[in-house]
Protein chains: 2
Amino acid sequence: MARPPLSRDAIFRAGLDLVDREGIDALTMRRLARALGVAPMSIYTHVPKKEDLVVGVVNEATTKMVLPPPETPPWDAMRAVIREFRRVAHLHPNLVPLITRQPPTGVDSLRILESALDALRRAGLDPAATARAYRISSSFAIGFVSLESGGYFRPLEDGGGSRRLDLESLQGMPRLMEVAPHLATWDSDAEFESGMDVMIDAIRRSFGV
Amino acid sequence: MARPPLSRDAIFRAGLDLVDREGIDALTMRRLARALGVAPMSIYTHVPKKEDLVVGVVNEATTKMVLPPPETPPWDAMRAVIREFRRVAHLHPNLVPLITRQPPTGVDSLRILESALDALRRAGLDPAATARAYRISSSFAIGFVSLESGGYFRPLEDGGGSRRLDLESLQGMPRLMEVAPHLATWDSDAEFESGMDVMIDAIRRSFGV
DNA sequence: ACCTGAACACCGTTCAAGT
DNA sequence: ACCTGAACACCGTTCAAGT
């Protein structure tokens, strides 16, 4: 099989693929080189540092976010962007710990950020208010996706009967015993939609738009 | 100087110290052993895997969260717990990427979780609703703390004039150009408090309590 | 039970060398 | 300009050996 020539894009695509298939720890310069069929040092011709690789892989994923059409009503557009963030996070669950640590910085990925800011500006918020509203929306989206894709509540599963948590420690904790079974099992789609609605209503009310 | 004997607690304390002083990448079995003045393999007598070390260090931090007094009015107690999470995260900013990936699992750290669930139950929510409300609160807290302590918006600083982002890519993005200067600079204390109020009001309204 | 050194299969990255 | 192998200073972890 003839190898396509090395390029930044090919490297980032292969890196995302590696993360999807084998997890975040598999994203090493050496394993990536092996996946690409080149020597470890060849990657350094195109990507100066491991950190740049990580940023590139994150951008590779966020570039897949689909923009809402320009004439979409502002708050529908905002909802669409937030849904797209979650959709892409679900497409690459292993990448979630990285995708939640920095905004898109690639030219293509910046378009989705631009379109979120455009929606908020069109809704009547000034630049400072737009920044506030975007931070609140991002907090919600990042926190929500961290919880669901990171398996945050997994250690509390089975009412604490799992390997991670022994039943004894829950003895003096009646609330934990009755609530834990409900924490890790839930309708995350419905909760995401209703949480998003609540948050957007709150933003609109607090800015009077 | 005589070294105190090795123990799980001493190891976790030294690990948290290492993270605080030198960052998350410095938390390796070998550097931790050096900090403790023992051979690398000595740690394995008390901690079977690196992953257990990480969990222990996270619990070491979350154990510092102070419980609200039991008779605190439910929603004040809930606010207090969320503030404590953020306070401890600020105490150990380098730990934020780890603290946002799993709930406390240590016996001591579970008390803070118990007290949050207790507040929600006392407020009149049933166990299933309590789980929902706790997830929403956690989404907000985790997302907010990720944004502020992770320096999420740093790559967008200076209106895009930083090293991470070249000005050219912002040419066709007028919203980004006008909003970016407001994204990375903000009154995070005030925004946290108002965001928390909005979220708690929304929970109360949606559950009718 | 607790601690250790040597060894193994990995890392990211520098450097000198090739085309 | 692009790719490479050898080398360096690291990792986590197994194993056999010590107390």
Side-chain angles (χ1 to χ4, degrees), chain A residues 1-60 94-95 97-98 101-102 105 163-164 166, chain B residues 1-60 94-95 97-98 101-102 105 163-164 166:
Chain A
M1 45 186 174
R3 319 222 169 289
L6 229 42
S7 70
R8 282 176 68 86
D9 276 359
I11 288 168
F12 295 150
R13 267 196 303 272
L16 182 55
D17 203 55
L18 197 54
V19 170
D20 286 344
R21 288 195 334 263
E22 313 192 38
I24 209 97
D25 291 339
L27 185 62
T28 71
M29 298 301 265
R30 299 176 102 110
R31 290 183 72 160
L32 182 55
R34 212 188 318 154
L36 285 162
V38 298
M41 288 313 300
S42 304
I43 295 176
Y44 284 88
T45 306
H46 304 89
V47 180
K49 294 252 165 202
K50 168 88 185 277
E51 197 199 321
D52 301 289
L53 172 65
V54 170
V55 171
V57 169
V58 168
N59 279 328
E60 182 67 24
N94 294 340
L95 196 67
L98 296 182
R101 297 205 31 81
Q102 58 194 250
T105 52
R163 297 139 278 150
R164 310 287 285 272
D166 50 284
Chain B
M1 45 185 174
R3 319 223 169 288
L6 228 42
S7 71
R8 281 177 68 85
D9 275 0
I11 288 168
F12 296 149
R13 266 196 302 273
L16 181 55
D17 203 55
L18 198 53
V19 170
D20 286 344
R21 287 193 337 262
E22 312 193 38
I24 210 95
D25 292 339
L27 185 62
T28 71
M29 298 301 264
R30 298 175 102 109
R31 289 183 72 160
L32 181 55
R34 211 188 319 155
L36 285 162
V38 298
M41 288 313 300
S42 304
I43 295 175
Y44 284 87
T45 306
H46 304 89
V47 180
K49 295 250 163 204
K50 168 87 186 276
E51 197 200 321
D52 301 289
L53 172 65
V54 170
V55 171
V57 168
V58 168
N59 279 327
E60 181 66 23
N94 294 340
L95 197 66
L98 297 182
R101 298 205 32 81
Q102 58 196 251
T105 53
R163 297 138 276 149
R164 311 287 283 270
D166 50 284

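Quick caveat: nothing in here was measured; it's all calculated off a predicted structure. Numbers restart at 1 for each chain; the letters A, B, ... are given by sequence-line order, proteins then strands.
- Here C:dC3 is the nucleotide among D:dC3, C:dC3, C:dG5 with the atom lying nearest to any side-chain atom of B:Leu6.
- At the phosphate of D:dT13, OP1 or OP2 sits under 4.0 Å from a side-chain N or O atom of B:Tyr44.
- Nearest nucleotide to the side chain of B:His46, out of C:dC2, D:dT13, D:dT4: C:dC2.
- In this structure, B:Leu32 places its CG atom 15 Å from C1' of D:dT13, rounding to the nearest Å.
- Closest to the side chain of B:Ala39, from the set D:dC2, C:dC11, C:dT4, is C:dT4.
- Remark on DNA chain C: of its neighbouring residues A:Arg31 and A:Met41, the 5'-side contact belongs to A:Arg31, judged by nearest-heavy-atom nucleotide.
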Evaluation steps, side chain to side chain contact (heavy atoms under 4.5 Å, CB included), between A:Val57 and A:Leu98: CA-CA 9 Å; A:Val57 169; A:Leu98 296 182; 5.9 Å; no
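- When the C1' atom of D:dC3 is taken as reference, atom CZ of A:Arg8 falls 17 Å away, rounded to whole Å.
- When rounded to the nearest whole Å, the span between CG of A:Asp25 and C1' of C:dA9 equals 15 Å.
- Within the 4.0 angstrom heavy-atom criterion, only backbone atoms of the sugar-phosphate kind lie near B:Thr28; the bases stay farther away.
- Atom NZ in B:Lys50 sits roughly 8 Å away from atom C1' in D:dC11 (whole-Å rounding).
- Taking a pair to require two hydrogen-bonding distances under 3.5 Å in either a Watson-Crick or a G-U wobble arrangement, D:dC15 pairs with C:dG5.
- With rounding to whole Å, A:Ile43 atom CD1 is found 10 Å from D:dT4 atom P.
- Note: CZ (B:Arg30) to P (C:dA6) measures 12 Å, nearest angstrom.
- Looking at every heavy atom in both residues, B:Arg30 comes nearest to B:Pro40 through CG-CB, 4.3 Å.
- Judged purely by atom type and a 3.5 angstrom limit, A:Asn59 uses its side chain to pair as donor or acceptor with the backbone of A:Thr105.
- Panel note: side chain B:Asp52, backbone B:Val47; no donor-acceptor pair is recorded below 3.5 Å.
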Steps toward side chain to side chain contact (heavy atoms under 4.5 Å, CB included) verdict (B:Thr45, B:Leu6): CA-CA 9 Å; B:Thr45 306; B:Leu6 228 42; over 6 Å; no
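- The CG atom of A:Leu53 sits 9 Å away from the P atom of C:dG12 (whole-angstrom rounding).
- C:dC10 atom P lies 18 Å from atom CE of A:Met29, rounded to whole Å.
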